[in-house]
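What follows is a short report on a single structure.
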Amino acid sequence: MILVTGGAGFIGSNFVLDWIAATGEAVVNVDKLTYAGNPANFAALADDPRHVFVRGDIGDAALVGALLREHRPRAVVNLAAESHVDRSIHGPAAFIETNVVGTFTLLDTTRTWWASLPAGEQAAFRFLHVSTDEVYGSLAPDAAGFSETTPYAPNSPYSASKAASDHLVRAYHHTYGVPTLTTNCSNNYGPLQFPEKLIPLMVVNALAGKPLPVYGDGLNVRDWLYVGDHCAAIRAVLAHGTPGATYNIGGNAEMTNIDVVRTVCAALAECRPGPDYAALITYVKDRPGHDRRYAIDPAKIRDELGWSPRETFASGIRRTVRWYVDHAQWVAAVTSGEYRQWVAQHYAA
Ligand code: NAD
Ligand code: DAU
């Protein structure tokens with residue numbers, strides 16, 4: 001079995017669902033259930049003995065150590081994090097706590113346990129850390145995409161905290177020999193994404209007839225990766241990646257934000273015809289320190305591991321918009337905070 005952290009969040013829950021469907025292998029899923037963690041995301045696994053959910057913090061060494069000793073996972077996949085750049089600008093402390101101190105605690109507890117394993121199990125074990133392309137900073141319009149050797153230049157408290165965690169993972173391989181893997185991916189989108197991020201926010205606001213806030217001039221560029229493709233990439237890296245290596249993962253889909261928002265509006269018009277969604281687009285004050293452009297050079301993961309994304313942005317956004325339209329109850333629960341009340345009640349004892 002494997003131990004996944006952050007498996008109640010957007011990518012984590014997609015990963016757990018994808019992993020069990022694709023491999024049949026059991027998962028211990030450890031998640032703190034912050035505002036971004038939603039048990040409804042893995043409701044489909046409610047009666048599945050291959051999924052064990054534990055509410056807990058990656059910064060809790062006693063809990064992490066006990067879970068490692070009890071379950072003896074062959075891999076840890078670390079997806080737990082504070083993930084929203086805007087929140088990191090308003091309140092960076094939580095990002096340092098989870099992304100830096102929490103990752104350190106998870107890594108160090110794993111190292112201690114890993115060191116006690118027989119040599120064969122030590123060699124087969126993997127610690128896969130999921131990180132972001134934002135650690136590389138901002139690209140000029142005509143610059144080549146980020147490669148695995150691009151120097152780190154994080155610009156937000158979020159990306160600085162992720163960069164710090166990446167450095168710790170690197171050091172734990174170099175110093176202690178822990179068989180680590182690090183992935184740095186671009187902007188994910190797809191089902192189950194909390195509507196604070198650009199694409200789900202635009203879908204949810206458009207369906208509610210609310211303004212679609214576009215920061216600055218709308219010409220910042222991101223590369224968009226369908227979450228199902230990202231899950232497949234993580235599986236490939238876990239199976240065949242070289243210990244100590246890092247892999248950049250992209251969607252081959254660079255777009256300006258305004259084009260993304262217009263594409264969302266067009267997909268909604270196909271799916272739920274009626275209102276002029278694009279008329280809701282509203283330019284608002286820019287994000288402080290807003291990185292202008294991210295792009296991924298996909299050569300290493302393609303050439304070494306044979307992975308490339310399957311979805312185009314056109315196909316992925318249609319699937320995504322359709323999912324939100326078809327899951328009005330999930331959207332209503334998330335936006336009303338109902339699931340947070342449920343979590344508070346359910347875990348009160
Ligand atoms: P998310 O915010 O949707 O989910 C994060 C999950 O981590 C939540 O379920 C939350 O409850 C949990 N969590 C937070 N602090 C925790 C702690 N201390 N202990 C245990 N669990 C905790 O994030 P996401 O978008 O799914 O991102 C997952 C990972 O992928 C993060 O490491 C993020 O940095 C990285 N990433 C995300 C994107 C993206 O576009 N979403 C892109 C690149 C990298
Ligand atoms: O690049 C990978 C990163 O992508 C991940 O590491 C982060 O966890 C993830 O949140 C995402 O960061 P971004 O800041 O790029 O994502 P966000 O969805 O917040 O914003 C995408 C772009 O859209 C960005 O240029 C800011 C802009 N934006 C965002 C929001 C929420 C708007 O114009 N309006 C908005 O309301």
Side-chain angles (χ1 to χ4, degrees), residues 4-15 29-39 41-42 54-60 63-64 77-89 94-95 97-99 101-103 105-106 129-136 138 146 154-156 158-159 161-162 165-166 183-190 192-202 205 211-225 227 230 234 248-251 255-258 260-261 281-287 289-296 343:
V4 173
T5 73
F10 161 51
I11 302 173
S13 57
N14 275 284
F15 179 74
N29 178 356
V30 187
D31 194 295
K32 187 178 174 182
L33 299 182
T34 66
Y35 77 93
N38 182 355
N41 291 357
F42 49 74
V54 179
R55 188 183 191 189
D57 192 324
I58 58 167
D60 181 344
L63 173 76
V64 171
V77 179
N78 182 31
L79 289 134
E82 290 292 336
S83 69
H84 191 34
V85 174
D86 292 327
R87 286 182 191 256
S88 83
I89 295 167
F95 289 71
E97 199 52 49
T98 283
N99 300 359
V101 182
T103 302
T105 305
L106 178 71
H129 175 63
V130 175
S131 190
T132 172
D133 61 357
E134 298 200 11
V135 296
Y136 299 118
S138 189
F146 301 127
N155 287 321
S156 71
Y158 163 71
S159 53
S161 70
K162 293 295 290 186
S165 64
D166 294 7
T183 56
N184 295 84
C185 71
S186 56
N187 287 57
N188 283 222
Y189 68 103
L192 301 168
Q193 188 169 28
F194 193 80
E196 63 183 357
K197 309 282 166 63
L198 181 69
I199 289 179
L201 182 75
M202 296 300 139
N205 277 14
L212 309 182
V214 174
Y215 297 164
D217 61 6
L219 297 179
N220 299 67
V221 172
R222 298 290 183 264
D223 171 68
W224 293 94
L225 171 65
V227 68
H230 184 198
I234 296 173
N248 286 359
I249 306 171
M255 290 178 76
T256 61
N257 291 338
I258 188 65
V260 168
V261 176
I281 292 174
T282 310
Y283 288 90
V284 299
K285 191 166 171 261
D286 208 352
R287 168 187 284 173
H290 196 174
D291 283 339
R292 194 64 173 167
R293 175 176 169 243
Y294 305 140
I296 294 273
V343 165

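Both counts, for ligands and for their atoms, begin at 1 and track the order of listing. When reading the values below, keep in mind they use all heavy atoms of this one structure, side chains included, and skip hydrogens, waters and symmetry mates.
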Of all the non-hydrogen atoms in the protein, which one sits nearest to [atom], and at what distance?
| atom | value |
| --- | --- |
| atom 29 (C) of ligand 2 | Tyr215 CE1, 3.5 Å |
| atom 28 (C) of ligand 1 | Leu79 O, 3.3 Å |
| atom 5 (C) of ligand 2 | Tyr158 OH, 3.5 Å |
| atom 8 (O) of ligand 2 | Ser83 O, 2.7 Å |
| atom 31 (C) of ligand 2 | Glu196 O, 3.4 Å |
| atom 21 (N) of ligand 1 | Lys32 N, 3.0 Å |
| atom 25 (O) of ligand 1 | Phe10 CD2, 3.8 Å |
| atom 27 (C) of ligand 2 | Asn257 ND2, 3.4 Å |
| atom 33 (C) of ligand 1 | Tyr158 OH, 3.6 Å |
| atom 43 (C) of ligand 1 | Cys185 SG, 3.1 Å |
| atom 42 (C) of ligand 1 | Ser186 O, 3.3 Å |
| atom 20 (O) of ligand 2 | Arg287 NH2, 3.9 Å |
| atom 12 (O) of ligand 2 | Glu134 OE2, 2.8 Å |
| atom 34 (N) of ligand 2 | Pro213 O, 2.8 Å |

Name the one of Val30, Asp31, Leu79, Val130 that satisfies side-chain contact (heavy atoms from CB on, under 4.5 Å) with Val4?
Leu79
For ligand 1, which atoms have a heavy atom of [X] less than 4.0 angstrom away?
| X | result |
| --- | --- |
| Thr132 | 43 (C), 44 (C) |
| Leu33 | 11 (O) |
| Ser131 | 43 (C), 44 (C) |
| Val130 | 30 (O), 32 (O) |
| Ala80 | 7 (O), 20 (C), 21 (N), 22 (C) |

For ligand 1, is there an atom lying under 4.0 Å from some heavy atom of Gly7?
no
Heavy atoms, side chains only, cut-off 4.5 Å: are [X] and [Y] in contact?
| X | Y | answer |
| --- | --- | --- |
| Pro213 | Met202 | yes |
| Val227 | Leu192 | no |
| Leu198 | Tyr189 | no |
| Asp291 | Asn220 | no |
| Asn257 | Tyr215 | no |

Going from OG on Ser159 to CZ on Phe95, what distance comes out if it is rounded to the nearest 0.5 angstrom?
10.5 Å
Quick check for you: to the nearest 0.5 Å, what is the distance between Ile58 atom CD1 and Asn78 atom CG?
5.0 Å
Polar atom proximity, Asp133 to ligand 2 (N or O, under 3.5 Å):
yes
Any N or O on Tyr294 sitting closer than 3.5 Å to an N or O of ligand 2?
no
From [atom], work out which of [options] has a heavy atom at the shortest distance.
| atom | options | value |
| --- | --- | --- |
| atom 15 (O) of ligand 2 | Ile258, Thr132, Asn187 | Asn187 |
| atom 19 (N) of ligand 1 | Ile58, Asn188, Ile199 | Ile58 |
| atom 26 (O) of ligand 1 | Leu192, Ile11, Asp57, Asn187 | Ile11 |
| atom 13 (N) of ligand 1 | Ala81, Gly37, Gly9 | Ala81 |

For ligand 1, which is the ligand I care about here, please tell me if [X] has any N or O atom under 3.5 Å from one of the ligand's N or O atoms.
| X | answer |
| --- | --- |
| Val30 | no |
| Asp31 | yes |
| Ser83 | yes |
| Thr34 | yes |
| Lys162 | yes |

Mutual orientation of the aromatic rings belonging to Tyr294 and Phe146 [parallel < 30°, tilted 30-60°, perpendicular > 60°]:
tilted
What atoms in ligand 2 come closer than 4.0 Å to a heavy atom of His290?
24 (C), 25 (O), 26 (C)
Show me which atoms of ligand 2 lie under 4.0 Å from any heavy atom of Lys197.
10 (O), 18 (O)
Of the side chain and backbone of Asn38, name the one, both, or neither that has a heavy atom under 4.0 Å from an atom of ligand 1.
neither
For the backbone of Ala80 and the side chain of Thr5, can you confirm whether one donor and one acceptor N or O come within less than 3.5 Å of each other?
yes
Where is the tightest heavy-atom contact between Pro39 and Gly37, given as atom of each residue plus distance?
CD-O, 3.9 Å
When you look at His129 and Thr103, which way does the side-chain contact (heavy atoms from CB on, under 4.5 Å) test go after all the steps?
CA-CA 9 Å; His129 175 63; Thr103 302; 3.9 Å; yes
Phe15 and His230: CA distance, side-chain angles, deciding distance, side-chain contact (heavy atoms from CB on, under 4.5 Å) verdict
CA-CA 8 Å; Phe15 179 74; His230 184 198; over 6 Å; no
Passes side-chain contact (heavy atoms from CB on, under 4.5 Å), Asn184 versus Ile296? Steps please.
CA-CA 9 Å; Asn184 295 84; Ile296 294 273; 5.8 Å; no
Heavy-atom distances under 4.0 Å decide this one: backbone, side chain, both or neither, for Leu198 against ligand 2?
both
Quick look: Leu201 vs ligand 2, heavy-atom contacts under 4.0 Å, and the answer is side chain
Verdict with reasoning, Ile281 to Ile258, per side-chain contact (heavy atoms from CB on, under 4.5 Å)
CA-CA 9 Å; Ile281 292 174; Ile258 188 65; 3.9 Å; yes
Residues that Thr132 engages under side-chain contact (heavy atoms from CB on, under 4.5 Å), provided they are two or more places apart:
Glu134, Val135, Tyr158, Lys162
